[in-house]
Amino acid sequence: MHLDDDDFALVISATPLVSVDLIIRNEHDEVLLGLRRNRPAQGTWFVPGGRIRKDEKLKTAVQRIAQAELGVALQAWELLGAYDHIYADNALGRDDLGTHYVALGCACTLPPGYSIQPDAQHAELRWWPLEALMNDPQVHHNTRLYFEEDAPNRL
């Protein structure tokens with residue numbers, strides 16, 4: 001089901017959205033981040049991810065999002081936990097409408113010989129060493145929290 005913008009704005013204003021974030025590391029222990037073109041978190045580096053659809057099982061959502069955002073089928077994944085992501089803006093770009101996501105962080109394994117194909121919502125994809133990711137102000141704080149042992153927004 002697809003909601004029109006007014007109905008989606010009502011949902012954003014009244015409820016948290018549930019999403020999946022893909023935490024992907026390569027063989028050098030670097031983390032894959034995308035430079036976001038869309039809201040929220042526009043213009044920041046963030047792990048790939050997306051909203052879970054109504055009646056979509058988590059397993060199906062993880063695979064769909066990996067295929068849509070990276071053009072790859074995951075070899076395996078593990079749920080790391082649930083995290084609150086609260087933003088002052090929203091996907092619609094409407095004034096005075098913040099967004100609350102309950103993001104399910106998933107540690108993902110790419111298949112051997114993978115080839116990543118970015119989607120239109122990322123200006124660029126890049127592998128980041130963990131130390132650089134943790135210290136770069138362009139990396140969104142919600143992304144950095146995935147790598148803190150006692151992240152304050154982890155549920």
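Both backbone and side-chain heavy atoms feed into the values below; hydrogens, waters and symmetry mates do not. Keep in mind that this is a model prediction, so the values were computed, not measured. This chain uses plain numbering: 1 for the first residue, then up along the sequence.
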| Is atom CG of Asp96 surrounded by more than 12 heavy atoms (other residues, nucleotides or ligands) closer than 6.0 Å? | no
| field | Polar side-chain atom of Asn90 near backbone of Gly98 as donor-acceptor pair, under 3.5 Å | value | no
| query | Looking only at atom types and distance, does a side-chain atom of Glu56 sit under 3.5 Å from a main-chain N or O of Arg53, one as donor and one as acceptor? | reply | yes
I'd like to check [X] versus [Y] (side-chain heavy atoms, cut-off strictly below 4.5 Å). Are they in contact?
X: Pro111; Y: Val72; result: yes
X: His28; Y: Pro129; result: no
X: Tyr146; Y: Asp21; result: yes
X: Tyr83; Y: Val102; result: no

Please report the closest heavy-atom contact between [X] and [Y], naming both atoms and the distance.
X: Asp5; Y: Arg94; value: CB-NH2, 3.5 Å
X: Trp77; Y: Lys59; value: CZ2-CA, 3.7 Å
X: Arg51; Y: Leu17; value: CD-CD1, 3.8 Å

| Summary of salt bridge (Lys or Arg N to Asp or Glu O under 4.0 Å) pairs that have at least one residue in residues 111-123, sequence neighbours excluded | none
| query | For His141, what residues pass the side-chain contact (heavy atoms from CB on, under 4.5 Å) criterion, not counting sequence neighbours? | reply | Arg144, Leu145
| said: Please enumerate all residues that pass side-chain contact (heavy atoms from CB on, under 4.5 Å) together with Ile116, with sequence neighbours excluded. | reply: Leu32, Leu70, Leu110, Tyr114, Leu125, Trp127
| Does a donor on one side chain sit under 3.5 Å from an acceptor on the other, for Thr44 and Gln42? | no
| request: Verify the distance criterion only: is there a donor paired with an acceptor across the side chains of Asn26 and Glu30 at less than 3.5 Å? | output: yes
| request: Just say parallel, tilted or perpendicular for the rings of His140 and Tyr87, cut-offs at 30° and 60°. | output: tilted
